[in-house]
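Notes follow the structure.
Every chain is numbered from 1, with letters handed out A, B, ... down the list of sequences. These numbers were taken from a predicted model, which means no experiment stands behind them.
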Protein chains: 2
Amino acid sequence: MPSGMTDEDKKRQLDSRDIKPTAMRELVLDVLSRQTAAIGLPELEAHFEKADRTTLYRTLKTFEEKKLIHKIVDGTGTVKYALCSETCECEPDDLHVHFLCEKCGKTYCLYDIPVPTINLPHGFKLEGVNMVINGICASCRK
Amino acid sequence: MPSGMTDEDKKRQLDSRDIKPTAMRELVLDVLSRQTAAIGLPELEAHFEKADRTTLYRTLKTFEEKKLIHKIVDGTGTVKYALCSETCECEPDDLHVHFLCEKCGKTYCLYDIPVPTINLPHGFKLEGVNMVINGICASCRK
DNA sequence: GTAACTTTGCAACCCGGTTGCACTTCCTTT
DNA sequence: AAAGGAAGTGCAACCGGGTTGCAAAGTTAC
């Protein structure tokens, strides 16, 4: 889901998710769209000289609420986020598997690999799934 | 994996995992064996009047290293732990799915539901999987 | 009994996440 | 254009889980 997005694209993308396109938000979306791996708040912070943590925090939060991005809990202690595909509604059917590389620490969306269906015991209601595989990624094995 | 364990049982269990059976460790194992849901450090702490966080922290750590318990990252911000089955070596084949109830906040091991096999993209090496389903548990839906 | 090692306890720290509040910006209404 | 209200931003401070360093206590080997 990387890069190559005009300002207009960005505005449209925010608009399509009902997010008021402020300057800050466009900048954050821009950073997000350039990532090849999921990004956490601390790392996002590092992409800006002057922006403050709270604003970025809240930006991510609204992006998540509006389903522009999704949260990934990979066990590293930092919650990470990545852009949703355009049609994603973050329903169980939309979910994919994630991969955390032990070596480089990066967390990748495996957009092509849907989260497998699970038959829960009787009485349990499924609402979401967080599936993270850990191991060594292709680039680190080369 | 609940309760009903004699002191001898506990010593044996620690022993089988190469953990020197100190008083503290037996107490912690005792608490762990009484749980119906996974437990985190803060909650474990609350089970003791006087024991100190660090010791419990390190106890969990060695238990985990020795594969007596396994870690569950459920996204609540607290890492949780639950006893491994006796034969568990924490290899991918040994892993099961976990369930976090949004309502009661408890995290359950679904020991009967193995983590599905995933075909990773070429070049990726799988070492472990953390799969947590969230929703409403059977007791909370009653 | 003493030396070497392990475990425990205390204190302090780190860091990600989060909240409260004041200030600014933007949008609406007149 | 001005006033009012809502939404967004920035600062400061806080919270809580996790983690480390170090000294004291306990254990084990000789």
Please report the distance, rounded to the nearest Å, between [atom1] in [X] and [atom2] in [N].
X	N	atom1	atom2	value
B/Ile19	C/dT6	CD1	C1'	14 Å
A/Asp52	C/dG16	CG	P	15 Å
A/Ile39	C/dG17	CD1	P	12 Å
A/Lys61	D/dT9	NZ	P	14 Å
A/Leu27	D/dG10	CG	P	10 Å
B/Glu26	D/dT27	CD	P	12 Å
A/Glu64	C/dG17	CD	C1'	13 Å
A/Lys20	C/dT24	NZ	P	18 Å

- Can you find a donor-acceptor pair, distance only, under 3.5 Å between B/Arg53 side chain and D/dG18 base? yes
- Look at the side chain of A/Arg58 against the base of D/dG10 and say whether a donor-acceptor pair falls under 3.5 Å; ignore hydrogens and angles.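 For A/Arg58, whose side chain was compared with the base of D/dG10, there is a donor-acceptor pair (under 3.5 Å).
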- Task: Indicate yes or no: does A/Lys125 engage A/Glu127 in a salt bridge with an N to O separation below 4.0 Å.
- Result: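 A/Glu127 and A/Lys125: salt-bridged.
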- Task: In plain terms, say whether A/Arg12 and A/Asp9 are close enough for a salt bridge, that is, a side-chain N and a carboxylate O under 4.0 Å apart.
- Result: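 Salt bridge between A/Arg12 and A/Asp9, a charged N being under 4.0 Å from a carboxylate O: yes.
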- Would you call the rings of A/Phe124 and B/Phe99 parallel, tilted or perpendicular, where under 30° means parallel and over 60° means perpendicular? perpendicular
- So does A/Thr22 get a side-chain nitrogen or oxygen closer than 4.0 Å to the phosphate oxygens (OP1/OP2) of D/dT9?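 Yes, because at least one side-chain N or O of A/Thr22 sits under 4.0 Å from OP1 or OP2 of D/dT9.
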- For B/Ala51 and B/Met24, work out which heavy atoms get closest and say how close. CB-CE, 3.8 Å
Proximal nucleotide (of [options]) relative to the [X] side chain:
X	options	value
B/Thr54	C/dG17, D/dG18, C/dA11	C/dA11
A/Leu41	C/dG17, C/dT8, D/dT9	C/dG17
A/Tyr57	C/dG20, C/dT18, C/dT8	C/dT18

- Sugar-phosphate only, base, or nothing, as touched by A/Thr55 at under 4.0 Å among non-hydrogen atoms: base
- Task: Pick base, sugar-phosphate or nothing for B/Arg25, based on heavy-atom distances below 4.0 Å to the nucleic acid.
- Result: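 Contact class for B/Arg25: sugar-phosphate only.
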- Message: Let me spell it out: for each of A/Met24 and B/Gly40, pick the nucleotide of DNA chain D with the closest heavy atom. Which residue's pick is nearer the 5' end?
- Response: A/Met24
- Hey, would you say the A/Phe63 and A/Tyr81 ring centroids sit under 6.0 Å apart? no
